[in-house]
Colleague: 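Mind having a look at this structure? Questions to follow.
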Amino acid sequence: MTASYDVAVLGAGPAGAAAAIEASSHGLRTIVFDEHIAAGGQVYRTSPRIEGNGDADGDRLRDAFGKAGIDRRLAHRVWHIERGDKGFGVYALGPDGPFNATAKTLIVATGAQERYVPFDGWDLPGVMGLASATVLLKSQRVLPGKCVVVAGAGPLLYAVAHGIVAGGGRVAAVVDAQPRHAWWRPDVLSRPDLVLRGIAWLNALWHAGVPIFRGRVVRSVMREGEALRVCVVGNGRVREIACDTVCCGFGLMPSTDVTRLLGATHAYEPSLGGWHVVVDDDQRTDVRGLYAAGDVAGVVGAAAAPFQGRIAARSAARNLGRTVDSEGKRERDRAARFGRAMTRLTQVDDEVIAAIPTGVTMCVCEGLNRATLEAAIDDGCATINDLKSATRCGMGACGGRVCEDSVARLIALKTSRTREEIGQATGRSPLRPVELDAIAGDFDYDALPMPAPAPL
Amino acid sequence: MSGYDLAVVGAGIMGATAALRAREGGMRVVVLERDVAGAGASGVNAGTLSLQIKRVGLMPYALVGHEWWRHAGDAIGFKQTGGYTLAFNQREQAMLEDRMRQKRAAGAPIEFLTPREVRAREPALSNRIVAASYCAEDGFADSTRTGTYLRRLLREADVELREHSPVSAIERGFRVTAGGETIEAKRLLIAGGAWTASLAAMLDVTLPIRVRTNTVTVTEPGPVHLHAGIGHATGLLTLKQKPNGSYLIGGGWQGVGSPATGRGRVLAETLLQNLRLARFAVPSVATARVLRSWTGYEAFVADYWPLAGALPGVPNAFVLTCVRGGYTIGPCIGPLVADLILGREPALPLFDPARVNATASPALAAAGR
């Protein structure tokens with residue numbers, strides 16, 4: 001049995017929730033899917049057991065979302081979407097098993113995912129991403145470690161370092177790939193409220209006596225008994241820091257699994273987090289009935305997301321015959337400018353890729369190190385899909401989410417090809433790994449429809 | 001610009017093995033590939049090398065092809081595991097017995113086993129088996145490695161391979177424009193798989209080729225329960241567990257798509273039937289996590305026999321596609337077509353494309369082309 005809707009929204013973060021609330025307010029039958037058990041996305045992620053997360057914006061979002069008359073399918077994992085004559089078929093797995101829906105229009109608000117840059121020891125236990133650390137802090141209320149080196153680039157560095165200190169942990173050092181002056185740009189200063197929040201974080205770190213090393217990166221992490229020894233380089237200096245946990249990330253990339261699967265056009269733009277789905281001023285993709293809002297259309301952050309979501313919903317409403325104006329575009333664009341400045345701060349130059357030792361595993365799922373991948377590139381692999389076929393790179397459980405960006409940068413470094421030429425991996429179902437039995441469900445063998453057998 | 005004795009369009013198994021034989025025969029050969037070697041059906045199929053799913057009339061070709069894969073060995077991940085074909089009810093049993101007898105008569109060493117014997121040898125199989133056949137020759141290879149392997153063979157044989165060079169124009173004679181460059185060749189072989197009809201159309205020849213969009217699925221690696229390749233009496237299932245423990249599930253269930261508009265798409269309805277059949281045959285797949293499903297295009301004509309021979313109405317042009325079971329049979333039939341091009345007598349009969357009513361455009365024929 002498949003329920004049908006006017007609008008299906010994927011993701012209940014700030015973009016998706018706003019889109020759903022807006023769509024519902026125009027009388028559209030609206031359904032939202034999210035993997036998490038509560039709305040809010042990653043930015044307003046909340047604990048399963050603790051009321052609220054101390055973030056008023058997140059609680060307001062959940063409150064409005066709960067009252068909007070939306071079919072809320074939380075704790076649902078969407079594993080497949082297909083486009084047909086009448087719209088989109090969405091296949092999900094929820095707590096009660098398979099749940100499928102069809103919708104005339106689809107708003108993709110799947111957000112962003114962490115960008116990893118490999119270094120010697122990045123695959124050791126105790127080394128994790130910055131976004132992973134925020135999940136521990138927000139959702140589990142768990143410190144990533146007792147004594148943590150927080151490294152990488154972008155605002156998440158300071159959010160995580162502050163979160164650890166506020167939670168009673170110790171930050172051994174913050175290692176920021178950007179020099180101090182990179183932060184003082186007019187577009188950063190365009191949001192004084194967020195700048196003040198950043199200054200408060202820095203102040204807390206200063207009071208906790210946390211050293212901040214700027215213009216430096218983690219070169220290697222080695223395990224020594226219970227401890228990790230982190231080698232930090234930059235500014236002509238080499239420094240070793242002892243800790244038990246390393247959180248390292250280089251900003252976020254749009255989560256484009258769904259939009260790639262559905263064949264929308266994507267573009268590569270570093271200041272938007274790299275590959276993102278292309279949308280017009282009304283958040284429309286070039287696939288009929290398909291809209292995108294939030295970081296999936298370029299990482300510009302949570303402030304712009306609700307505006308994007310509402311604009312997408314209003315476009316969808318117009319598409320479905322409602323008379324609705326567009327509004328909030330100026331607010332969206334202003335918020336996006338700040339978000340884009342933050343994304344720029346997560347960009348690091350090719351030096352970090354060039355510095356990856358040949359023996360370091362780049363594709364963790366398939367166990368492929370840099371030397372193996374380089375040999376395949378030398379052998380003629382010029383695109384991500386070539387390298388995937390030749391080496392199985394990106395074919396494991398992560399679906400390339402962890403390795404694809406750094407491997408594409410490696411191809412670029414070796415072949416001088418552009419990221420457009422190197423391309424993205426083809427989008428595939430299932431969108432996330434799903435247990436075969438869970439999607440196959442119960443069936444009667446004798447009732448399986450068998451097409452005519454092949455000719456003899 | 002330089003002149004070749006033969007231009008081959010398509011660096012799949014068919015085109016590459018034909019090119020290799022032509023090179024052996026002394027020809028100067030170029031292979032033009034729209035994507036990379038093995039990017040089409042050759043590289044995205046389920047890697048099944050089973051005599052039990054080959055057509056009776058193609059069995060001699062399959063036996064030769066099988067030897068080629070065995071010879072390729074580790075370079076292509078070849079495993080001769082043996083294979084079982086299963087029937088779960090009486091209708092399927094009748095189909096299995098009839099079909100396997102005919103295939104055995106055609107040269108495949110197929111034997112029949114009782115359900116008890118099968119389960120003793122492969123305990124992971126369903127306890128609902130009614131009848132089963134076994135072929136010790138059967139196995140599989142790693143199709144994702146096809147392209148790398150073919151590229152190496154072509155390089156070693158000094159055959160020029162131009163990848164990322166989609167053919168945009170063909171003039172008789174031949175002048176072939178691919179990837180913006182034009183080459184001249186005395187002979188032309190179109191081995192473009194599902195794209196063959198659009199290539200032949202550049203020579204004003206209409207080939208009534210249709211395309212199937214076959215679905216393949218892989219699971220995450222896990223404990224190894226299954227050793228042999230598994231098939232179904234209807235041919236609607238191929239299932240194997242790779243050395244890393246991931247299950248590979250195929251059987252020709254149909255997605256949607258068209259070669260002209262890019263890769264095909266998986267349909268949940270057919271995918272789920274495919275997975276249910278797999279789960280019924282091998283219950284241990286139930287707990288595996290499905291990692292990825294994809295599709296590949298398989299060209300065919302109404303009678304399901306290959307197009308392998310001269311391209312109707314165009315002197316010195318040849319075509320090779322629509323070989324059912326082409327992954328196994330390709331390395332046999334590719335060289336046979338090259339023999340025809342070299343002016344030799346092929347060791348096995350070819351399949352004249354003229355039979356499918358290929359038509360040259362009447363207007364152009366009248367213009368004397």
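Chain letters run A, B, ... following the sequence lines, proteins first, then strands; residues in each count from 1. When reading the values below, keep in mind they use all heavy atoms of this one structure, side chains included, and skip hydrogens, waters and symmetry mates.
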Colleague: Measure B:D142 against the heavy atoms of chain A and call it side chain, backbone, both or neither at under 4.5 Å.
Modeller: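 It is the side chain, since no backbone atom gets that close.
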Colleague: Step through the shown structure and confirm whether more than 12 heavy atoms of other residues, nucleotides or ligands are within 6.0 Å of CD on B:E156.
Modeller: yes
Colleague: Under a 4.5 Å cutoff for heavy-atom pairs, which residue among B:A288, B:A268, B:G235, B:G147 has the most contacts with chain A?
Modeller: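 Result: the option with the highest number of such pairs is B:A268.
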Colleague: Between B:R145 and A:R392, is the side chain to side chain contact (heavy atoms under 4.5 Å, CB included) condition met? List the steps.
Modeller: CA-CA 9 Å; B:R145 284 149 77 174; A:R392 309 188 58 77; over 6 Å; no
Colleague: When only pairs under 4.5 Å are counted, which of B:Y304, B:Y149, B:Y247 shares the most heavy-atom pairs with chain A?
Modeller: B:Y304
Colleague: Could you report the tightest heavy-atom contact between B:L291 and A:M395, atom names first, then the distance?
Modeller: CD2-O, 3.5 Å
Colleague: Using heavy-atom distances under 4.5 Å, tell me whether B:I53 contacts chain A through its side chain, its backbone, both, or neither.
Modeller: neither
Colleague: Of the options A:N385, A:T383, A:D386, which is the one that meets B:D35 in a side chain to side chain contact (heavy atoms under 4.5 Å, CB included)?
Modeller: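 Exactly one pass, corresponding to A:D386.
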Colleague: Do any of residues 412-442 of chain A come closer than 4.5 Å to chain B, heavy atom to heavy atom, and if so which ones, in number order?
Modeller: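 Against chain B, the residues of residues 412-442 of chain A that fall inside the cut-off (heavy atoms, under 4.5 Å) are A:T426, A:R428, A:S429, A:P430, A:R432, A:P433, A:V434, A:E435, A:L436, A:D437, A:I439, A:A440.
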Colleague: What residues of residues 360-372 of chain A sit under 4.5 Å from chain B when only non-hydrogen atoms are counted?
Modeller: none
Colleague: Search all heavy atoms of B:R155 against all heavy atoms of A:D379 and return the closest pair with its distance.
Modeller: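 Reported closest heavy-atom pair: NH2-OD1, 2.8 Å.
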Colleague: Any side-chain to backbone donor/acceptor pair from B:E220 onto A:A397? Under 3.5 Å, distance only.
Modeller: no
Colleague: In terms of heavy-atom pairs under 4.5 Å, which option from B:V266, B:T219, B:N244, B:T146 contacts chain A the most?
Modeller: B:V266
